[in-house]
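Let me begin by presenting the structure, written as structure tokens, before commenting on it.
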Amino acid sequence: MPELPEVETTRRGLAPHLLGQRITAVEIRDHRLRWPVPLGLPGVLAGQTVRAVDRRAKYLLLRCDAGTLMVHLGMSGSLRLVNAAARPGKHEHWDIVLADGGVLRYRDPRRFGSLHWIVGEAADHPLLRELGPEPLSSDFTGERLYALSRRRRVPVKVFLMDSRVVVGVGNIYASEALYRAGIRPDRPAGRVALRRYDRLADAVRAVLQDALACGGTTLRDFVGGEGRPGYFKQDLQVYGRAGQQCRNCGNIVLMCRLGQRASYFCGTCQR
DNA sequence: ACTGGCTCCTGAGGGC
DNA sequence: TGCCCTCAGGAGCCAG
């Protein structure tokens with residue numbers, strides 16, 4: 001599933017092909033994404049030139065002259081550049097046709113993704129306005145986690161996955177980062193000390209950077225054909241490993257459910 | 001202000 | 001070319 005590293009990898013892969021390109025046509029084959037794709041989109045987008053390809057959280061932002069196209073991949077979405085002659089498959093819901101003949105094609109079997117056109121400052125859009133800092137930016141610190149978590153009783157894992165606290169930490173990486181930091185996922189957020197939040201912020205950065213390094217591999221697979229699941233799988237320490245041995249202490253990895261999400265941890269290494 | 005629960009959707013996987 | 005059930009997951013949204 002597209003986590004932040006994969007969205008960033010997608011951005012890096014697409015940017016060189018999209019920058020400076022004029023959009024000649026847009027075809028929406030299925031409007032039923034998470035939010036209905038605006039009917040007027042092809043009209044406003046045709047003739048626009050892509051000036052920048054940015055990312056905010058897990059949203060891709062294609063900045064054009066008259067506005068910004070905002071794409072979310074949901075959990076099963078992917079974007080590929082394909083040949084104009086390639087027939088769209090079953091779950092390939094929209095195309096953006098470029099002046100050079102290339103086609104930016106969106107595939108999303110579960111349709112949890114979205115497509116918005118934003119006129120004006122994209123950062124002011126309701127979906128972006130309340131977002132916390134990027135995890136790989138200097139604004140993301142243990143001090144911030146500590147300050148925001150005082151008197152919060154939510155499990156620290158749920159807290160870490162709150163996009164107002166920090167963006168881009170999905171279910172897999174939340175479990176992995178907490179394991180690396182030695183913090184139990186079910187510990188109340190307000191009962192984690194500053195020094196341990198420093199460790200956690202470091203762990204989040206480390207996990208995301210490691211995954212980003214693997215993301216390059218994912219993009220190749222994903223551009224070449226089907227995205228293979230579990231590109232980061234071999235590096236996972238706890239996620240999906242309930243009942244197996246902790247790689248550090250040998251005790252059994254446990255699973256619990258927090259905020260309707262499966263959470264994995266070692267009861268010995270994490271406190 | 002917080003917190004927990006629900007929701008969208010389809011494919012995968014397990015039981016039979 | 002088996003059918004049916006359950007579940008996973010990003011994240012917005014809402015009720016209490």
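Lettering follows sequence order; numbering is per chain, from 1.
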Starting at NZ of A:Lys157 and ending at C1' of C:dG10, how long is that distance when rounded to a whole Å?
12 Å

I would like to know whether A:Asp202 and A:Arg205 meet salt bridge (charged side-chain N to carboxylate O under 4.0 Å, His left out); could you show each step before the answer?
CA-CA 5 Å; A:Asp202 287 343; A:Arg205 274 188 285 272; 3.0 Å; yes

Here the distance between atom P of C:dC7 and atom CZ of A:Arg261, to the nearest Å, is 14 Å

Pair A:Arg144 + A:Asp139: basic N to acidic O under 4.0 Å:
no

How far does NZ of A:Lys58 sit from OG of A:Ser163, to the nearest 0.5 angstrom?
9.5 Å

Rounded to the Å, how far apart are A:Met75 CE and C:dA11 P?
11 Å

Through direct or indirect side-chain contacts below 4.5 angstrom among Ile, Leu, Val, Met, Phe, Trp and Tyr, which residues connect to A:Val158?
A:Leu258

Can a salt bridge be assigned to the pair A:Arg29 and A:Asp95 using a cut-off of 4.0 Å between side-chain N and carboxylate O?
yes

What is the distance, rounded to the nearest whole Å, between atom CE of A:Met70 and atom C1' of C:dG12?
12 Å

Hey, can you pull the residues of residues 33-42 of chain A with a non-hydrogen atom under 4.0 angstrom from DNA chain C?
A:Arg34, A:Trp35

Apply the hydrophobic cluster definition, ILVMFWY joined by side-chain contacts under 4.5 Å directly or through others, and give me every member besides A:Leu128.
A:Trp35, A:Tyr59, A:Leu61, A:Met70, A:Ile118, A:Leu127, A:Leu131, A:Val167

Please state how far atom CD in A:Glu92 lies from atom P in B:dC9, giving the value in whole angstrom units.
20 Å

Do the side chain of A:Glu27 and the main chain of A:Ile96 share a donor and acceptor less than 3.5 angstrom apart?
no

Pairs under 3.5 Å (N/O, protein and nucleotides 2-4 of chain B):
unit_1 : atom_1 : unit_2   : atom_2 : d
B:dT3  : OP1    : A:Arg153 : N      : 2.6
B:dT3  : OP1    : A:Val154 : N      : 3.4
B:dT3  : OP2    : A:Arg152 : NE     : 2.4
B:dT3  : OP2    : A:Arg152 : NH2    : 3.0

Return the stacking result for C:dA11 and A:Phe112: yes when the ring centres lie under 5.5 Å apart and the planes under 30°, no otherwise.
no

Between P of C:dG10 and NE2 of A:His72, the distance in whole Å
9 Å

A quick test of your reading: do over 12 heavy atoms of other residues, nucleotides or ligands sit less than 6.0 Å from CZ of A:Arg164?
no

In Å, rounded to the nearest 0.5 Å, how long is the span from NE2 of A:His93 to NE2 of A:His31?
12.0 Å

Counting just side-chain N and O atoms, does A:His91 come under 4.0 Å of either OP1 or OP2 of B:dG11?
yes

If hydrophobic clusters are built by linking Ile, Leu, Val, Met, Phe, Trp and Tyr wherever their side-chain heavy atoms come under 4.5 Å apart, do A:Leu39 and A:Leu69 end up in the same one?
no

Separation of atom CD1 in A:Ile172 from atom P in C:dA8, rounded to whole Å:
13 Å

Under 4.0 Å from any atom of DNA chain C, heavy atoms only: list the residues of residues 121-131 of chain A that qualify, in numerical order.
A:Leu127

Approximate separation, where rounding is to 0.5 Å, of A:Thr141 OG1 and A:Asp198 CG:
7.5 Å

salt_bridge(A:Glu8, A:Arg12) N-O dist < 4.0 Å:
yes

Give every pair of a protein N or O atom and an N or O atom of nucleotides 2-4 of chain C that lie under 3.5 Å apart, one pair per line with the distance.
none

Between A:Arg129 and A:Asp124 (salt bridge meaning N to carboxylate O under 4.0 Å), is one present in this structure?
no

Is the shortest side-chain N/O distance from A:Arg110 to OP1 or OP2 of B:dT7 below 4.0 Å?
no

Between C:dC7 (C1') and A:Asn171 (CG): distance, integer Å:
13 Å

From C:dA11, C:dA8, C:dG12, pick the nucleotide closest to the side chain of A:Tyr59?
C:dG12

Under 4.0 Å between a side-chain N or O of A:Arg32 and OP1 or OP2 of B:dC9?
no

Output for pair (A:Leu33 CG, A:Tyr106 OH), nearest 0.5 Å, gives 5.5 Å

